[in-house]
Number of protein chains: 2
Amino acid sequence: MTASTGGRLLTPGEVAALFRVDPKTVTRWATAGRIGSIRTPGGHRRFRESEVNQLLAELTTDASERPRN
Amino acid sequence: MTASTGGRLLTPGEVAALFRVDPKTVTRWATAGRIGSIRTPGGHRRFRESEVNQLLAELTTDASERPRN
DNA sequence: TTCCATTCGGGTAATTGGGGGA
DNA sequence: GATGTCCCAATTACCCGAATGG
């Protein structure tokens, strides 16, 4: 289970649109290891939709109302 | 592993779907020598599944195992 | 044989990456 | 500490008509 964990891949622009941030910011998240990414042989990044959705759900949830985690 | 080492052959479209890129991009990878390719008598390209999966694994950064927060 | 999706080619826009700095 | 923006070079995406594959 390393490479293709079945799941669609999203481009930096698509992920940026979901989070309403600049694509560069998504790039920094990947660089910081906060989100997994795969690179095309040309160096462009692709993100797993499942992982993006999970991360998106965490941010959508109001953290101030979450005692733990 | 008979005469040709490897298993199934994938079409440009299938490889493109795995990387979430345009089939033309896969063609450029083959032209640039970044990925091995077989040509049909008619000139269409075919790619080895094993090589594609290996390449996919190498370029994958797995953050799923990253600690939370 | 015909039918139709895919993949040739090339050419031209749009995205992306990386560094630097507001 | 985290984002957004500007620069430029590289990579990728969409356009066409014609050919191949099954």
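Numbers restart at 1 for each chain; the letters A, B, ... are given by sequence-line order, proteins then strands.
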Nearest-angstrom distance from the residue atom [atom1] of [X] to [atom2] of [N]:
X	N	atom1	atom2	answer
B/L59	D/dT11	CG	P	14 Å
B/L10	C/dT6	CG	P	15 Å
A/I38	C/dT16	CD1	P	15 Å
B/R20	C/dT15	CZ	C1'	12 Å
A/H44	C/dT16	NE2	C1'	4 Å
A/R46	D/dT11	CZ	P	14 Å

Numerically ordered, the residues 21-29 of chain A set in heavy-atom contact under 4.0 Å with DNA chain D is A/V21, A/D22, A/K24, A/T25, A/R28, A/W29
Show the nearest heavy-atom pair for residues [X] and [Y], with the distance to one decimal.
X	Y	answer
A/L9	B/L18	CD1-O, 3.1 Å
A/A30	A/S37	CB-OG, 3.9 Å
B/R46	B/P12	NE-CD, 4.4 Å

With a 4.0 Å cutoff (strictly under), does any side-chain N or O of [X] reach OP1 or OP2 of [N]?
X	N	value
B/T11	D/dG21	no
B/R34	D/dA10	no
B/R39	C/dT7	no
B/R45	C/dC8	yes

Check: Is there a donor-acceptor contact under 3.5 Å from the side chain of B/E51 to the main chain of B/G36?
Finding: yes
(Q) Quick one: does any side-chain atom of A/E14 pair with a main-chain N or O of A/T11 as donor and acceptor, under 3.5 Å? (A) yes
Applying the Watson-Crick and G-U criteria (both distances under 3.5 angstrom) with [ ] for crossing and | for other-strand pairs, one obtains for DNA chain C ..|||||||||||||||||..|
Evaluate side chain to side chain contact (heavy atoms under 4.5 Å, CB included) for B/T27 paired with B/R45, printing each intermediate quantity in order.
CA-CA 8 Å; B/T27 294; B/R45 297 181 181 81; 3.0 Å; yes
Output for pair (A/R48 CZ, A/N53 CG), nearest 0.5 Å, gives 13.5 Å
Check: Cut-off 3.5 Å, side chains only: do B/R28 and B/T25 have a donor facing an acceptor?
Finding: yes
Check this for me: B/R39, atom CZ, are more than 12 non-hydrogen atoms of other residues, nucleotides or ligands nearer than 6.0 Å? yes
